[in-house]
Amino acid sequence: MSKVLGVIGGGQLGMMLTQASSRMSDISKVIVLDPTEGCPAAQVGAEQIQASFDDATAIKKLASLSDVITYEIESGDSYVLESLQDVAEINPSPQTLRIIQDKYTQKEFLSQNNIPAPDFAMVSLYDDIVSAASKFGYPLLLKARRGGYDGRGNYKVDSIRDIQRALDYFGDTPLMVEEFVPYVMEISVIISRNISGQIEHYPAVENIHEHNILRQTISPARISPSLADKAADIAMKTVNVLQGAGVFGIEMFLLPDDTILINEIAPRVHNSGHHTMHSAATSQFEQHIRAVSGMDLGSTKLHGPAVMYNILGPPNFTGEYMPPQISHDASHLVMYGKKISKPLRKLGHINIHDNKEYTVSQLLDILESIKPQAAISPIY
Ligand code: ADP
């Protein structure tokens, strides 16, 4: 019997989940909970409950209408979700969501399970930060425990003189501190675990950030096969102990001595897995739906290398815009239907991949040639 999939969040990730589900006979429809009228998922056929992500009444309504609930953002109320486990199946479980929602709890969980991550400590007072600095040295990264995204919840503390400024920046927000790791590359592994415990992963990818926002993903990462295996093993160990069903984006740092540390876990489809829409036997979106709705996982075999480039709103502009037009056979433009551009807002992405057996460096050359076309033109 086909199932109704409820999704907390109807942004671009919800949109691509909805598109994938429309090709899957096991899913009869998708209902998203999202505060924005005509959110991206609703534009491609999802029904929408228009309410804020943590609106308990709306989450209850979503559960009553759905067979399975999942999320495309981490801000659902895990306690409300926990109370609804008899009404709908919830994957990943609210308990897993709760561990991940708080960066400190997440790091503690990793440490308890001997999974490598940067050194960290809980801090609330000036003196706690001074004492963390005496252990880890400067620079330090002060992080909001909850709710940060695209680096907005982070503050780099370069010396004792920055501490008060950093505390003022955060106000009452609960904080943690992390050693600043001198990584040579940011990588991630998109891995999935289904309800019966089957696990599949895509090869590690390389992520390039600008202004703390993911700008570009290169698949596979330009690292040795043994390092790629090491990253996959860490991801595998993480989902084994986390126990949730779904796709997980495991972000990691690669250090100069080949150490790999986990930066953070996303309990959902992840921006660095968008290339799989065009470059893999099963996209991460189909895989997530398979994982949460009781199906077997699909093959994660790659057809070949790919480059993903995010289309971001220009830094100094808010308003309507012309969607870009890209003219290259190997490029696949995916726009998210957002009416308004905001500074550095994710408006779409381009996957560069085809079956002509391009190398990664040829794909990067193609990207350079089409970057001017990918720029957003404001409508004034
Ligand atoms: P968010 O949750 O907002 O995405 P992250 O904690 O993932 O924030 O950090 C955003 C970026 O900040 C990372 O991609 C990385 O470039 C940098 N960063 C985060 N933690 C560390 C760290 N411990 N050492 C060095 N850089 C870090």
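Note that ligands are numbered from 1 as they come in the structure, with each ligand's atoms numbered from 1 the same way. Quick note: numbers below take in every heavy atom, side chains included, and nothing from hydrogens, waters or symmetry partners.
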S.K.: May I ask you to decide whether K103 forms a salt bridge with E264, counting only side-chain N to carboxylate O separations under 4.0 Å?
M.R.: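 Looking at E264 together with K103, the answer is yes, because their closest N to O distance falls below 4.0 Å.
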S.K.: Which donor-acceptor pairs under 3.5 Å do side chains of residues 371-380 form with protein atoms, sequence neighbours excluded?
M.R.:
{"unit_1": "K371", "atom_1": "NZ", "unit_2": "E368", "atom_2": "OE2", "d": "3.0"}
{"unit_1": "Q373", "atom_1": "OE1", "unit_2": "S327", "atom_2": "N", "d": "2.9"}
{"unit_1": "Q373", "atom_1": "NE2", "unit_2": "S327", "atom_2": "OG", "d": "3.4"}

S.K.: Against the six-membered ring of F180, is K156 placed for a cation-pi contact (under 6.0 Å from the centre, within 45° of the normal)?
M.R.: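 So K156 does make the cation-pi contact.
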S.K.: Just to confirm my output: which protein heavy-atom neighbour is closest to atom 3 (O) of ligand 1, and how far is it?
M.R.: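 I find the closest protein heavy atom is G151 N, 2.6 Å.
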S.K.: Report the part of N263 in contact with ligand 1, treating N, CA, C, O as backbone and CB onward as side chain, heavy atoms under 4.0 Å; options are side chain, backbone, both, neither.
M.R.: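 Side chain only; the backbone of N263 stays clear of ligand 1.
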S.K.: For ligand 1, which atoms, with element, lie under 4.0 Å from some heavy atom of L141?
M.R.: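 Near L141, meaning under 4.0 Å from one of its heavy atoms, ligand 1 has 18 (N), 19 (C), 20 (N), 21 (C), 22 (C), 27 (C).
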S.K.: Return the residue, atom name and 0.1 Å-rounded distance of the protein heavy atom closest to atom 20 (N) of ligand 1.
M.R.: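 Looking only at protein heavy atoms, the one closest to atom 20 (N) of ligand 1 is K143 NZ, 3.0 Å.
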S.K.: Return the residue, atom name and 0.1 Å-rounded distance of the protein heavy atom closest to atom 11 (C) of ligand 1.
M.R.: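 In this structure, atom 11 (C) of ligand 1 has N212 OD1, 3.4 Å as its nearest protein heavy atom.
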S.K.: Does a side-chain heavy-atom distance below 4.5 Å link K338 with P40?
M.R.: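 Sidechains of P40 and K338: in contact.
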S.K.: Given that the side chain starts at C-beta and the backbone is N, CA, C, O, which of these parts of E179 lies under 4.0 Å from ligand 1, counting heavy atoms, or is it both or neither?
M.R.: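 E179 to ligand 1: backbone contact only, side chain stays beyond 4.0 Å.
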S.K.: So, are E82 and R98 salt-bridged, with charged N and O less than 4.0 Å apart?
M.R.: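 R98 and E82: salt-bridged.
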S.K.: Among K346, R215, H349, which residue meets the side chain to side chain donor-acceptor pair (under 3.5 Å) test with N271?
M.R.: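 With N271 as partner, K346, R215, H349 yield a single side chain to side chain donor-acceptor pair (under 3.5 Å), made by K346.
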S.K.: For atom 4 (O) of ligand 1, which protein heavy atom lies nearest, and how many Å away is it?
M.R.: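 Going atom by atom, the protein heavy atom closest to atom 4 (O) of ligand 1 ends up being E264 OE2, 3.3 Å.
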S.K.: Just need the protein heavy atom nearest to atom 26 (N) of ligand 1, so name the residue and atom and give the distance.
M.R.: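 For atom 26 (N) of ligand 1, the nearest protein heavy atom comes out as Y183 CE2, 3.5 Å.
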S.K.: Using a 4.0 Å cut-off to any heavy atom of N154, which atoms of ligand 1 qualify?
M.R.: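 Contacts of ligand 1 toward N154, numbered from 1: 5 (P), 6 (O), 8 (O), 9 (O), 10 (C), 12 (O).
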S.K.: Under a 4.0 angstrom heavy-atom cut-off, which atoms of ligand 1 come close to E251?
M.R.: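 Checking each atom against E251, I get 7 (O).
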S.K.: Would you say the side chain of E179 lies within less than 4.5 Å of the side chain of F120, judging by non-hydrogen atoms?
M.R.: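 A side-chain contact under 4.5 Å is absent here.
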S.K.: Would you be so kind as to tabulate the donor-acceptor pairs closer than 3.5 Å made by side chains of residues 65-73, with sequence neighbours excluded?
M.R.:
{"unit_1": "S66", "atom_1": "OG", "unit_2": "L62", "atom_2": "O", "d": "2.7"}
{"unit_1": "D67", "atom_1": "OD2", "unit_2": "V4", "atom_2": "N", "d": "2.7"}
{"unit_1": "T70", "atom_1": "OG1", "unit_2": "N91", "atom_2": "O", "d": "2.7"}
{"unit_1": "T70", "atom_1": "OG1", "unit_2": "H288", "atom_2": "NE2", "d": "2.8"}
{"unit_1": "Y71", "atom_1": "OH", "unit_2": "P92", "atom_2": "O", "d": "2.2"}
{"unit_1": "E72", "atom_1": "OE1", "unit_2": "G11", "atom_2": "N", "d": "3.1"}
{"unit_1": "E72", "atom_1": "OE1", "unit_2": "L13", "atom_2": "N", "d": "3.3"}
{"unit_1": "E72", "atom_1": "OE1", "unit_2": "G14", "atom_2": "N", "d": "2.6"}
{"unit_1": "E72", "atom_1": "OE2", "unit_2": "G11", "atom_2": "N", "d": "3.4"}

S.K.: Nearest non-hydrogen contact with atom 25 (C) of ligand 1 belongs to which option: V181, N207, N271?
M.R.: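 Nearest option to atom 25 (C) of ligand 1, by heavy atoms: V181.
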S.K.: Considering only heavy atoms of E186, which atoms of ligand 1 have at least one such atom less than 4.0 Å away?
M.R.: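 Listed by number with element: 13 (C), 14 (O), 15 (C), 16 (O).
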S.K.: Only heavy atoms of K103, strictly under 4.0 Å: list the atoms of ligand 1 that pass.
M.R.: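 Heavy-atom distances to K103 below 4.0 Å select 1 (P), 2 (O), 5 (P), 6 (O), 8 (O).
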S.K.: With a 6.0 Å cut-off on ring centres, are H353 and H278 close enough?
M.R.: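 So the answer is no for these two rings.
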